[in-house]
Structures are given as structure tokens and as C-alpha cells.
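Each ligand, and each atom within it, is numbered from 1 in the order the structure gives. Counting begins at 1 with the first residue of the sequence.
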Amino acid sequence: MIKNNQTIISHFLLLGLPIPQEHHYLFYALFLAMYLTTILGNLLIIILIILDIHLHTPMYLFLSNLSFTDLCFSSVTMPKLLQNMQSQDTSISYIGCLTQMYFLMAFANMENFLLVAMAYDRYVAICFPLHYTSIMSPKLCVCLVVLSWVLTMLYSLLHTLLLARLSFCEDNMIPHFFCDISALLKLACSDIYINELMMIILGGLDIIIPFFLIVVSYIQIVSSILKLSSTRGIRKVFSTCGSHLSVVSLFYGTIIRIYICPSANNPTVGEIVMALMYTVVTPMLNPFIYSLRNRDMKEALIRVLCKKNISL
Ligand SMILES: *[C@@H]1O[C@H](CO)[C@@H](O)[C@H](O)[C@H]1NC(C)=O
């Protein structure tokens with residue numbers, strides 16, 4: 001019985017966003033503008049940090065890693081979304097779908113780990129200012145980044161391999177705008193018990209531990225600020241940490257809502273909007289949240305531009 005139903009699926013259909021046909025061009029233009037802003041904003045940050053020697057500190061090296069990750073993260077979903085909005089054919093090959101899922105998970109995870117590293121960096125800077133340079137040595141920073149990449153790669157590889165062993169039946173329509181792991185699991189017709197177990201255990205650990213570490217860092221930071229009790233110090237600390245906190249709450253708020261309490265059936269419009277938040281909006285806002293409020297970045301921009309003028 002089951003054997004007859006199993007056909008080898010060579011491609012999936014991405015159903016895309018629930019947008020009425022008459023608003024298609026408006027949203028196409030909006031997403032294109034957002035994608036270009038993401039690319040340009042993050043590239044600008046990476047280039048500034050590479051060019052300006054004053055920004056070669058752990059905080060900015062993590063930030064440039066974050067920008068790089070954001071750039072890749074939105075490039076995994078956006079070009080395909082834009083292409084699908086324009087054409088009638090919204091299919092994606094089986095391999096393409098798994099590849100997209102792998103990289104999406106990898107970059108989302110990398111962002112997750114980098115946010116922890118950045119919170120730890122702020123914690124050391126504020127709670128142990130005198131030992132900051134000796135604790136956050138270049139060696140430790142490189143170790144943290146390399147460790148994050150390795151964990152990220154293993155994590156996404158595990159989920160992708162587990163998904164690759166599943167067989168899919170006739171239904172190949174993904175009611176989403178990218179190859180989302182939970183949407184794919186719902187299409188599978190073999191047993192997905194192990195996949196779901198791993199999603200709950202590893203996925204839970206992978207979101208909850210970093211989130212917990214970040215919260216602890218910020219509790220420490222806030223309690224040490226309250227002890228400080230000089231208004232100037234407090235304002236300075238809030239201006240550096242406030243930007244970081246807004247990124248963190250946007251990112252975890254949407255991820256926790258989607259992956260810890262998913263709906264049983266097809267993703268609702270609300271869930272798709274939230275997926276848009278963390279795949280499109282967060283990578284776009286990160287550079288602005290960090291650089292618009294940050295004097296060091298503005299000064300670096302001026303220095304880099306002026307140097308260019310002189311050398312020309
Ligand atoms: C990422 O961080 C590491 C360690 O701080 C640094 O050496 C590297 O240049 C950064 N990479 C990017 C792309 O910014």
C-alpha cells in the first residue's frame with residue numbers, strides 16, 4: 001500500500017507569501033528594497049571595520065562577523081523569494097530545498113551564537129573593565145568564532161541528514177516562502193519521530209541555552225550599572241547595550257514563538273509574518289541599530305571617507 005504511494009519527489013513547490021495578486025508589485029518592490037538595504041548596510045559595516053584600525057576590538061570583530069552572517073542569511077531566502085514572486089514557476093529542486101534548509105539553519109544558528117559572544121563581551125567590558133583586554137584576548141575571540149562555526153555546521157548537518165532519509169509522497173507543496181524544516185516534516189510520509197525528537201531536544205537546547213546565557217549576562221550588567229549609580233556611566237552603558245538588547249529581543253522573540261510553540265497545521269499568516277521578521281527584517285535592521293546609535297561607527301566612517309579624499 002504505502003510503497004505505491006511513494007513516488008520519488010524531484011522538486012517541491014513553494015507557495016510563497018499570502019499576498020493578494022493586485023499587491024504583488026508593491027511587495028516585490030518592498031522586498032527588493034529591503035534586500036538591497038541589507039546587503040549594502042552590512043557590507044558597509046564589514047568594510048568600515050576592516051579599514052578602520054580603531055575598530056579592531058572584540059566587539060567590532062564580532063559585529064563584522066554578525067554582519068557577514070546577516071548578509072548570507074538573507075541571501076539564502078531573499079533571491080529565491082524575489083524570483084518566485086516574479087515567475088509562474090515556483091518550484092525548487094529536492095537538493096535545492098535541502099541546501100536552502102541547511103544554510104538557513106546554519107546562518108540562523110551562527111547569528112544565535114554570535115549574539116551570545118557579543119553579550120559575553122559586553123559583560124566582561126562592563127563588569128571587569130580593568131581585565132577586559134586580558135580576558136577578551138584575540139585568541140579567545142577566534143576560538144569563540146571558530147567554535148560557533150563548528151557547532152553550527154554540525155547542528156545543521158545533523159538535521160539535514162535526518163531529513164534526507166525521509167521519503168516524500170505526492171504532496172510536494174510547501175505553504176511557505178522558503179524550505180522550512182517544520183513545513184518539510186509535515187510533508188514527509190515516513191516516520192518522523194526521530195526528526196521531531198531531535199528538533200525538540202537539540203533545537204530547544206540550541207535556543208534556550210544561548211538565550212539563558214544572554215539574559216544572565218544582561219542581569220549582571222544591569223546590576224553592576226545600578227551599583228555604579230553615576231548618571232553619565234549609566235547613560236553610556238545603556239547606549240551600548242540598548243542596541244544589542246533590541247536585536248536580541250527581535251531575534252529570539254520571533255524564533256521562540258515559531259519553533260517552541262508551532263501550530264499543528266499549516267503555518268498561519270502570523271507565523272509567516274514572523275518568519276519574515278527574522279529572515280528579512282532582523283538582518284536588515286542590525287547594521288542600523290548598531291551604527292546609527294554608535295559614535296565610534298560614525299567617526300570611523302568619517303575617518304575612512306576623509307582618508308580616501310586625501311589619497312585621491
Ligand atoms: C570574525 O571574528 C574573528 C575573531 O575575532 C576575526 O578574526 C575575523 O576577522 C572576523 N571575520 C569577519 C568576516 O569579520
Shared-cluster residues of Y25, by chain and number - hydrophobic side chains joined below 4.5 Å: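 None, because no other hydrophobic side chain comes under 4.5 Å of this residue.
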Hey, can you pull the donor-acceptor pairs under 3.5 Å for the side chains in residues 46-57, sequence neighbours left out?
unit_1, atom_1, unit_2, atom_2, d
D52, OD1, R303, NE, 3.0
D52, OD2, H54, N, 3.2
D52, OD2, R303, NH2, 2.9
H56, NE2, I49, O, 2.9
H56, NE2, I50, O, 3.2

Contact check, side chains of M118 and V248, non-hydrogen atoms, under 4.5 Å: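 Counting from C-beta outward, M118 and V248 never come under 4.5 Å.
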Heavy-atom check, side chain of L61 versus side chain of P138, under 4.5 Å: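 No, every pair of side-chain atoms sits at 4.5 Å or beyond.
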Side-chain donor-acceptor pair present, S87, D89, cut-off under 3.5 Å: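 Side-chain D/A pair, S87 to D89: absent.
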Side chain to side chain contact (heavy atoms under 4.5 Å, CB included) partners of A106, counting only residues at least two apart: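 If we apply the side chain to side chain contact (heavy atoms under 4.5 Å, CB included) test to A106, skipping adjacent residues, the hits are T152, S156.
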Distance dump, ligand 1 polar atoms to protein, N/O, under 3.5 Å:
unit_1, atom_1, unit_2, atom_2, d
ligand 1, 2 (O), N65, ND2, 2.2
ligand 1, 11 (N), N65, OD1, 3.3
ligand 1, 11 (N), N65, ND2, 3.3
ligand 1, 14 (O), S64, OG, 2.3

